[in-house]
Amino acid sequence: MPIDKRVNSTAEALHGVQDGAVVMISGFAGAGFANILIHALAELGPRDLTLVVNSATHPLSRTHELIEAGLVRKVICSAARGRGRDLSPFEKLWKEGRIELECLPQGTFSERIRAGGAGIPAFYTPVGVGTEIEMGREVRRFNGRDCVMEEAIVGDVALVRANVADRYGNLSFRYAQANFGPAMLTACKLAVVEVCEARDEPLPQTAIQMPGSFVDRVFAVGDGVGEGA
Amino acid sequence: MPIDKRVNSTAEALHGVQDGAVVMISGFAGAGFANILIHALAELGPRDLTLVVNSATHPLSRTHELIEAGLVRKVICSAARGRGRDLSPFEKLWKEGRIELECLPQGTFSERIRAGGAGIPAFYTPVGVGTEIEMGREVRRFNGRDCVMEEAIVGDVALVRANVADRYGNLSFRYAQANFGPAMLTACKLAVVEVCEARDEPLPQTAIQMPGSFVDRVFAVGDGVGEGA
Amino acid sequence: MTPLNRNQIAWRAAQDIRDGMLVNLGIGIPSHAADFIPPDRDVFVQSENGIIGCGALAGKAEADSDLVDASSRRITLRPGAAIVDSVASFAMIRGGHIDVTILGAFEVAAKGDLANWDSGVPDKGPLIGGAMDLAACTGEVWVTMEHTTRSGGARLLDACTLKLTAVRCVTRVYTDLAVVEVTPEGFLVHEILPGLSREELQARTGAALRFAPDCRTLEAPPLAAA
Amino acid sequence: MTPLNRNQIAWRAAQDIRDGMLVNLGIGIPSHAADFIPPDRDVFVQSENGIIGCGALAGKAEADSDLVDASSRRITLRPGAAIVDSVASFAMIRGGHIDVTILGAFEVAAKGDLANWDSGVPDKGPLIGGAMDLAACTGEVWVTMEHTTRSGGARLLDACTLKLTAVRCVTRVYTDLAVVEVTPEGFLVHEILPGLSREELQARTGAALRFAPDCRTLEAPPLAAA
């Protein structure tokens, strides 16, 4: 049967996501949030989720909908501080002890996800040595420099935003849209992408930034609607 | 001063390469050999080199010129077997005990180079467990699976072939030409690239497969002359 | 009783490639499997040098020295093909993203150990290539090979005698005489060449064989030898 | 004696960016350094989200929600800019490929320890972001900050009191009062605000200061406050 990874609804896109799932959510600094999928996941309502997301508080990401709906047990991120003095939805629940938090250096966050997708169970990095990151981690010296051991992160489902996909799931991104997306797609059992446009004809080889072999489902949301609030 | 990484001769391209250098050479299966630079390095004649090259014996790579000239002390590779029954130049010297050899699984080879460029001093991989690769390596179990620890490889100079460069050193590759090149450029102190064409005007952002910030020198050799024997 | 030729072994393995799979095909017999994948199955062939979606071998006119597979063959791309660098290619392999790899072998042990990278030829240098990564990290590792050596020695063994590629990795073996599954209890024969008795097959095998209850005859269409 | 304003601190740091450098600029004062790089120097500004070659902030007409820097500002690209994903961006940072990073800070210790990610505000969540990677792995780590807290407390200290970002990493500090090098022997002042005595500067500093033999006056052109 000719491969075609395009689906026609968010229900199809998210089919099979269960309570307790580890959900990876891409997007950084306003670019690359799969907000249609995130919103649909909040409506679907699986509980006890672990979110792997760079920021738990970015105002342009709908991650907060999952948090406000009480679906999230734990967040693994590099940023969990809302803007201004008022507490963000995440910070409120975290302060109340209702969400567990693991806050990592951003390069360790991205590399652990990459390791999860690349079959590397653990690696060493000098980042975090001498800081609170060191606590509970093995420290080992290489070439005269202390490093901490970091283990891979894997997930059940990745929600990623791209620009154009083809039927094979090949992806191209606009500008800074990729960020954590490619790594997250490799690290999750189910890789779901929302795109502006999902074409029948294959993307030219030179335009592909992420091979479709890492992508399970593609959902076209039309131009721009996935971005912003 | 406006950045311009283009050089006008192989002498300029290789300036500063010294005896004892660790030289990384890209190329795989006939694509991406920087044969003009390799040939020029053989003529320049630095001694006691360590070559980091996927194959020590590929007939389309001029790596053999460095080996035949007696410039190579050690080879780190994943393939060191010449075609047919006759011994290749590498195999002759290796049999005579005149070249040291470290033969690695190809994924471990590429990942160790990537680690060298990415600030990862060591990582674990399941590849090689239960084989002779395990000898002399630390074995550690993660998630019920034994893995070996592999350390980063770094180099002094990378010789890489690309298709088009711009004045900033940004690169695009043709088809399977990239292979080990991008990783090697990140892992070496001096990153030298030979290209068909080196443009004054910048490559469009979407055409760049390797940012110029990893490239030190670009040498244009014209169409095709760098490939093959 | 005529053993399968190499193209027929490749054909037989290719029949088990499932629709939508991402497969990696080794040098030799495995590479020919690409020619025999049933046309109703949409399959991507990955090559270690970063090609995801190898097409047919290139004709003279279209051959391009930059468009090669890991065996240095000039190829074409199938629709939807992508190309990545070696680091990403092996991240894909090591990360378990390849569904099945079909590899040649010198020996396979009853517990699934594979020896396929060093035949013990004296003087020649070693060639590991991508074999260890593929064997250790792919969910299904299928081996295609002749059932015995040229001199009649067994290749299916209790324990390999040659240097190992990876341990406990092979899931199926396709030979010129049989289709054999590697189970926790050892070799289980699913198909056997017509006219070859179970005892004769066992005699050519260096480890105990069990036979599946529904063990069938091994059949392949007539194909020219590779 | 008027301390430098934030733009002037950024200006002063920018004068030390050398031709051809690849720099990363943190949020706040550091981000303004981009505006003051001398025009004879061709510099690439990297941002953690993968932009290599950030240009000026985007005007309303050209603003694009996908073309942002790590501070969520809509930007343009300079000629020759490239964009990579987060994994590659931090491989670049961790691998030491950034020449200099300019960061804001709450505290800097005499041996180079940096505290810049947690000011100890109660209730608010943590924000590490890229600071630890940049501080730990960049060859030159420059800090721009006010010399003291709003209440006059010292920020240059024998040992940091706030949570650390990285140890032994800061190489230079640019404040509104001085330019200070971090040496193996501690803080070494290279420039001091005109009209401010060495004793006065020491009184506002929580660690012993030494003064370079050629210690100069700290000067910056008039610039509107940031």
Side-chain angles (χ1 to χ4, degrees), chain B residues 26 28-32 54-60 75 77-82 84-85 87-88 90-92 94-95 101 103-111 113-114 117 125-133 146 161 163 173-183 209-210 224 227-228, chain C residues 47-52 54 63-77 81 83-96 111-115 117-119 121-137 160 163-169:
Chain B
S26 186
F28 183 31
N54 180 59
S55 167
T57 58
H58 199 287
L60 294 180
V75 168
C77 67
S78 87
R81 188 182 303 159
R85 294 188 168 232
L87 296 187
S88 62
F90 168 81
E91 289 167 301
K92 273 184 207 139
W94 171 66
K95 276 293 295 173
L101 170 65
C103 191
L104 298 168
Q106 195 169 133
T108 297
F109 174 83
S110 57
E111 188 70 12
I113 296 165
R114 190 258 176 193
T125 169
V127 178
V129 168
T131 77
E132 68 173 37
I133 292 294
D146 281 341
R161 170 98 185 174
N163 189 37
F173 296 94
R174 287 187 77 240
Y175 296 120
Q177 197 179 43
N179 55 72
F180 304 94
Q209 290 167 278
M210 188 64 186
E227 294 293 318
Chain C
S47 188
E48 295 99 294
N49 65 335
I51 311 270
I52 305 161
C54 299
D64 186 312
S65 63
D66 290 327
L67 185 48
V68 289
D69 67 10
S71 305
S72 302
R73 301 181 307 171
R74 295 182 181 190
I75 61 167
T76 58
L77 297 176
I83 302 179
V84 298
D85 75 356
S86 294
V87 168
S89 175
F90 279 92
M92 170 176 262
I93 291 169
R94 199 188 314 99
K111 59 180 186 287
D113 296 353
L114 171 67
W117 71 275
D118 191 324
S119 62
V121 174
D123 297 346
K124 296 295 287 179
L127 196 172
I128 300 177
M132 286 193 183
D133 301 88
L134 285 161
C137 299
C160 295
K163 289 181 178 178
L164 291 180
T165 307
V167 294
R168 291 186 175 75
C169 59

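What's counted below: heavy atoms across the whole structure, side chains too, no hydrogens, waters or symmetry copies. In what follows, chains carry the letters A, B, and so on, assigned in the order in which the sequence lines appear, proteins first and then strands, with residues in each chain numbered from 1.
Contact annotation for C/D113: neither backbone nor side-chain heavy atoms come within less than 4.5 Å of a heavy atom of chain B. The part of C/I83 that comes within reach of chain B is its side chain, from C-beta onward, which places non-hydrogen atoms under 4.5 angstrom from that chain. Only the side chain of C/L77 comes within contact range of chain B, with at least one heavy atom under 4.5 Å from a heavy atom of that chain. For B/L104, the part lying near chain C is the backbone, with the side chain staying farther off; criterion is any non-hydrogen pair under 4.5 Å. With a threshold of 4.5 angstrom between heavy atoms, C/K124 approaches chain B through its backbone and through its side chain. Proximity to chain B is limited to the backbone of C/A166, based on heavy atoms less than 4.5 angstrom apart. For chain B, no part of C/S47 is nearby; none of its heavy atoms comes within less than 4.5 Å.
For the options C/D123, C/I51, C/D118, heavy-atom pairs under 4.5 Å to chain B are most numerous at C/D123. Counting heavy-atom pairs closer than 4.5 Å to chain C, the top-ranked of the candidates B/R114, B/R85, B/E111 is B/E111. Note: B/G82 leads B/A56, B/G82, B/S88 in heavy-atom pairs under 4.5 Å with chain C. Chain B forms more heavy-atom pairs under 4.5 Å with one residue of C/L127, C/D85, C/D133 than with any other, namely C/D133. Heavy-atom pairs under 4.5 Å with chain C peak, among B/P126, B/A183, B/C103, at B/C103. Considering only heavy-atom pairs separated by less than 4.5 Å from chain C, the leading option among B/A79, B/A178, B/P105 is B/P105. Heavy-atom pairs under 4.5 Å with chain B were tallied for C/S89, C/A136, C/G50, C/S86; the largest tally goes to C/S86. Contact tally against chain B (heavy-atom pairs below 4.5 Å) for C/A135, C/A131, C/G129, C/G130: the top residue is C/G129. Options C/V84, C/D64, C/L134, C/D69 differ in how many heavy-atom pairs under 4.5 Å they form with chain B, and the most are formed by C/D64.
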Exercise for the section: I would like to know whether C/I75 and C/L67 meet side chain to side chain contact (heavy atoms under 4.5 Å, CB included); could you show each step before the answer? Expected result: CA-CA 6 Å; C/I75 61 167; C/L67 185 48; 4.2 Å; yes
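Under a 3.5 Å cut-off, the side chain of C/S71 and the backbone N or O of C/R73 do not form any donor-acceptor pair. Checking side-chain atoms of B/Q106 against main-chain N and O of C/E48 turns up no donor-acceptor pair under 3.5 Å. Within the 3.5 Å criterion, the main-chain N or O of B/F173 finds a donor-acceptor partner in the side chain of B/Q209. Side chain of C/R94 to main chain of B/T125: no donor-acceptor pair is present (N/O by atom type, distance under 3.5 Å, no hydrogens or angles).
Between the side chains of B/S26 and B/N179, at least one donor N or O lies within less than 3.5 Å of an accepting N or O.
Taking NZ from C/K163 and CG from C/L114, the interatomic distance works out to 15.0 Å, rounded to the nearest 0.5 Å. A distance of 15.5 Å separates CZ in B/F90 from NE2 in B/H58, rounded to the nearest 0.5 Å. Interatomic distance, B/T108 OG1 to C/M132 CE, rounded to the nearest 0.5 Å: 9.0 Å.
Between B/F109 and B/F180, the distance separating the two ring centers is shorter than 6.0 angstrom.
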